[in-house]
Amino acid sequence: MTKTIFITGASSGIGKATAKFFHEKGWNVIATMRNPEKETELTQLKNVTLLPLDVTDFEQIRSVVAEATSLGKVDVVLNNAGYGTVGALEGTTDQQIEQVINTNLLGVIKLTKEFIPHFRKNKEGVFITISSIGGLVAYPFFSLYHATKWAIEGWTESLAFELGQLGIQVKTVQPGPTKTDFVGRSLVVPEHPAYDEFFEGFKKMFFSDEVINGLEPPETVSEVIYEAATDGKNRLRYVVGAAANNEYNRRLELGAEIFHQEWDTVFFGK
Ligand SMILES: NC(=O)c1ccc[n+]([C@@H]2O[C@H](COP(=O)([O-])OP(=O)(O)OC[C@H]3O[C@@H](n4cnc5c(N)ncnc54)[C@H](OP(=O)(O)O)[C@@H]3O)[C@@H](O)[C@H]2O)c1
């Protein structure tokens, strides 16, 4: 039987690439996005259904899950919608703090909760959340983004026990730097003059030509999502690409304290 994946944030980047990837593999795709009326590419594809969803609109989560499950069995839910903030916490507004937590964390938790009865009834299903290498290691000026992605990691680890008993898999995928709209459109950059010098140095290193030229294409992430969706394994994490794997392995080998001290030296010469 043809399988179905439900995707959030399918208007661009990893979400859109994954909608196309699963479509090419013969799946039904329910591609959700804030403004489906603006979409022109996915609308051309057979067996791709567009539905409106802003993951911070918790009423809309309820209605879209009801609508999606009324269309038939959903096999995989991909929590992809998300964005980053980079800059000093002191320069961040309350609205910026709440929006990123509502999107990257509460949106994921509420959408997942809403789908559980459907998966429980089917005695199967896979929840996959796009975390980040930033869910496993931490860098300066990304504190809010890390707060959301590290929270996703702990939440997933716990939920995987609880839902595993019911035949439901709960997994995360950790992309490294990926060529999407993330750095352009999906990055909120709060500023504060007290941090200008550090922040300028950080930006030169973090957004250097070398980093930008080495970005992985989003299709690389889609392949790993497909593996997570179909391998049937009781496995929590799928780290994508050499850069992210090297970083994660280095943290595991060095331990959290030494890893942190090393980055302190790299960034601030301590
Ligand atoms: N690119 C990277 O280097 C990288 C690395 C690690 C992890 N990630 C993660 O990958 C995921 C996808 O990001 P991307 O790189 O593909 O960036 P992207 O191209 O900017 O895509 C972000 C998507 O999230 C959607 N979105 C944002 N807020 C939303 C909301 N409230 N409700 C519904 N959709 C919303 C955007 O929709 P609109 O079109 O409506 O704005 C867009 O479709 C994110 O969770 C991100 O944290 C990215």
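Values below: all heavy atoms of this structure, side chains included; hydrogens, waters and symmetry mates excluded. Indexing begins at 1, ligand by ligand and atom by atom, following the structure's order. On a predicted model such as this, the values are computed, not experimentally measured, just so you know.
Protein heavy atom closest to atom 20 (O) of ligand 1, with residue, atom name and distance, is Ser186 OG, 2.3 Å. Nearest to atom 32 (N) of ligand 1 among the protein's heavy atoms is Val55 N, 2.9 Å. Scanning the protein heavy atoms around atom 16 (O) of ligand 1, the nearest turns out to be Ile14 N, 2.8 Å. The protein atom (non-hydrogen) at minimum distance from atom 31 (N) of ligand 1 is Asp54 OD1, 3.0 Å. Looking only at heavy atoms of the protein, atom 9 (C) of ligand 1 is closest to Ile130 CG2, 3.6 Å.
Pairing each heavy atom of Leu166 with each of Arg120, the nearest pair is CD1-CD, 3.8 Å. The minimum heavy-atom distance linking Thr85 with Phe142 is given by the pair O-CD2, 3.4 Å.
Residue contact check: Leu53 has heavy atoms under 4.0 Å from atoms 32 (N), 33 (C) of ligand 1. The ligand atoms of ligand 1 that sit less than 4.0 angstrom from a heavy atom of Thr56 are 31 (N). The Gly176 neighbourhood of ligand 1 comprises atoms 3 (O), 5 (C), with distances under 4.0 Å to a heavy atom of that residue. The atoms of ligand 1 that sit less than 4.0 Å from any heavy atom of Gly13 are 16 (O), 19 (O). Per-residue contacts place Pro177 under 4.0 angstrom from the following atoms of ligand 1 (heavy atoms of the residue considered): 3 (O). Per-residue contacts place Gly9 under 4.0 angstrom from the following atoms of ligand 1 (heavy atoms of the residue considered): 23 (C), 25 (C), 34 (N), 43 (O). Near Tyr145, meaning under 4.0 Å from any of its heavy atoms, are these atoms of ligand 1: 6 (C), 7 (C), 8 (N), 9 (C), 46 (C), 47 (O).
Geometrically, Lys25 engages Tyr226 in a cation-pi contact, judged by NZ or CZ lying under 6.0 Å from the ring centre and within 45° of the ring axis.
Only one option out of Asp54, Leu51, Val55 pairs with Gln60 in a side chain to side chain contact (heavy atoms under 4.5 Å, CB included); it is Asp54. Of the candidates Thr8, Thr112, Asn104, Thr156, Asn79 forms a side chain to side chain donor-acceptor pair (under 3.5 Å) with just one, namely Thr112. Screening Val224, Ile225, Thr172 for a side chain to side chain contact (heavy atoms under 4.5 Å, CB included) with Tyr238, the sole residue that qualifies is Val224.
At a heavy-atom cutoff of 4.0 Å, ligand 1 is contacted by the side chain of Lys149 but not by its backbone. Using a 4.0 Å cut-off between heavy atoms, Asn80 contacts ligand 1 through both its backbone and its side chain. Only the backbone of Ser131 comes within 4.0 Å of ligand 1, counting heavy atoms alone; no side-chain atom from C-beta on gets that close. Contact annotation for Thr178 and ligand 1: heavy atoms of both the backbone and the side chain come within less than 4.0 Å of the ligand. Both the backbone and the side chain of Ser11 come within 4.0 Å of ligand 1, judged by heavy-atom distances.
Comment: Lys16 engages Glu41 in a salt bridge, judged by a side-chain N to carboxylate O separation of less than 4.0 angstrom.
Remark: Asn234 CG is loosely packed, at most 12 non-hydrogen atoms of other residues, nucleotides or ligands lying under 6.0 Å away.
Looking at Thr148, its side chain does come within 3.5 Å of a backbone N or O of Tyr145 through a donor-acceptor pair.
A ring-centre distance under 6.0 Å is not found for Tyr195 and Phe199. Aromatic rings from Phe115 and Phe6 are positioned such that their centres are separated by under 6.0 Å.
Ranked by closest heavy atom to atom 18 (P) of ligand 1, the top entry among Ala17, Ser12, Gly107 is Ser12. When Ala81, Ala31, Ser132, Gly82 are ranked by how near their heavy atoms come to atom 22 (C) of ligand 1, first place goes to Gly82. Ranked by closest heavy atom to atom 28 (N) of ligand 1, the top entry among Met33, Arg34, Lys16 is Arg34. When the heavy atoms of Thr180, Val221, Asn104 are ranked by distance to atom 15 (O) of ligand 1, first place goes to Thr180.
Tracing side-chain contacts under 4.5 Å through hydrophobic residues (I, L, V, M, F, W, Y), one reaches Ile152 starting from Leu163; they form part of the same cluster. Residues Trp150 and Phe141 are members of separate hydrophobic clusters, defined by side-chain heavy-atom contacts under 4.5 angstrom among Ile, Leu, Val, Met, Phe, Trp and Tyr.
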